[in-house]
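Remarks on the structure that follows.
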Amino acid sequence: MALMDCPECATRVSDKATSCPSCGYPIAKPATVAPTRPIFYSDAAPLAPSPTTVTVSKSRGVYIILGLLFGGWGFHNFYAGYNVAGAIKLVIFGIAFVLDASTRFYSGFSVVALVIFAVWALIEVISVKADAGGNAMT
């Protein structure tokens, strides 16, 4: 407990007293912290708008044309976002082409690979209805 001087009569008064016992002068209370009230959404700062993601659907017609013309090389897979399948087709056909070109006699590795991948592409053109993101092709 601390003592302070009364501003009116200079008597020593407790800091916890509400008024001076000698003259009755009100003693100022130390500032108290106001109780906090809950923040409601209307009181808060406005939230930043969430970013909007725009997805462009792939064309099924373009997918079919790429599959029929360049399906053996996997171009339609790259178009639809199936990059691993497209890369597998492209790399295997490239290896088959290099093996075919490195021999003195034509062995037909690249033709066999192209036929297998063309059949695979035809099956994909018929069965695949959505791109790699799950969005339906229109």
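Heavy-atom basis, side chains included; hydrogens, waters and symmetry copies ignored.
The side chain to side chain donor-acceptor pair (under 3.5 Å) search around Asp5 returns Arg12, not counting sequence neighbours. Partners of Phe70 according to the ring pair (Phe, Tyr, Trp, His ring centres under 6.0 Å) rule, which considers only residues two or more places apart in sequence or in another chain, are Phe75. Partners of Tyr79 under the ring pair (Phe, Tyr, Trp, His ring centres under 6.0 Å) rule, at least two apart in sequence or in another chain, do not exist in this structure. For Tyr25, the side chain to side chain contact (heavy atoms under 4.5 Å, CB included) partners are Cys6, Pro7, Glu8, Cys20, Cys23, not counting sequence neighbours. Partners of Tyr63 under the ring pair (Phe, Tyr, Trp, His ring centres under 6.0 Å) rule, at least two apart in sequence or in another chain, are His76. The side chain to side chain contact (heavy atoms under 4.5 Å, CB included) check on Ile88 picks up Val84, Ile92, with sequence neighbours excluded. Considering only residues two or more places apart in sequence or on other chains, Leu69 meets the side chain to side chain contact (heavy atoms under 4.5 Å, CB included) condition with Ile65.
Here salt bridge (Lys or Arg N to Asp or Glu O under 4.0 Å) pairs that include residues 76-96, with residues two or more places apart or in two chains, are Lys89-Glu124. Applying the salt bridge (Lys or Arg N to Asp or Glu O under 4.0 Å) test to residues at least two apart or on different chains, none of the pairs has a partner in residues 63-86. Applying the ring-ring contact (aromatic ring centres under 6.0 Å, His included) rule to pairs touching residues 118-138 yields Phe117-Trp120, sequence neighbours excluded. Counting only residues at least two apart or on different chains, no salt bridge (Lys or Arg N to Asp or Glu O under 4.0 Å) pair has a member in residues 57-70.
Through direct or relayed side-chain contacts under 4.5 Å between Ile, Leu, Val, Met, Phe, Trp and Tyr, Val119 connects to Ile123.
Linking ILVMFWY residues whenever their side-chain heavy atoms come closer than 4.5 Å, directly or via other members, places Val128 and Phe78 in the same cluster. Phe97 and Leu90 are assigned to two separate hydrophobic clusters, defined by single-linkage of ILVMFWY side chains at heavy-atom distances under 4.5 Å.
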Next item on the list: Might you work through the side chain to side chain contact (heavy atoms under 4.5 Å, CB included) test for Val62 and Met137, ending with a clear yes or no?
Entry: CA-CA 10 Å; Val62 172; Met137 287 192 267; over 6 Å; no

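Looking at every heavy atom in both residues, Ala113 comes nearest to Ala96 through CB-CB, 4.0 Å. Across all non-hydrogen atoms, the minimal contact from Gly81 to Ala132 is O-CB, 3.3 Å. Closest non-hydrogen pair, Ser57 versus Thr138, comes out as OG-OG1, 3.5 Å.
Distance check, rounded to the nearest 0.5 Å: CG of Asp100 to CD1 of Ile95 gives 13.5 Å.
Checked by atom type and distance alone, the side chain of Asn77 never pairs as donor or acceptor with a backbone atom of Ala80 at under 3.5 Å.
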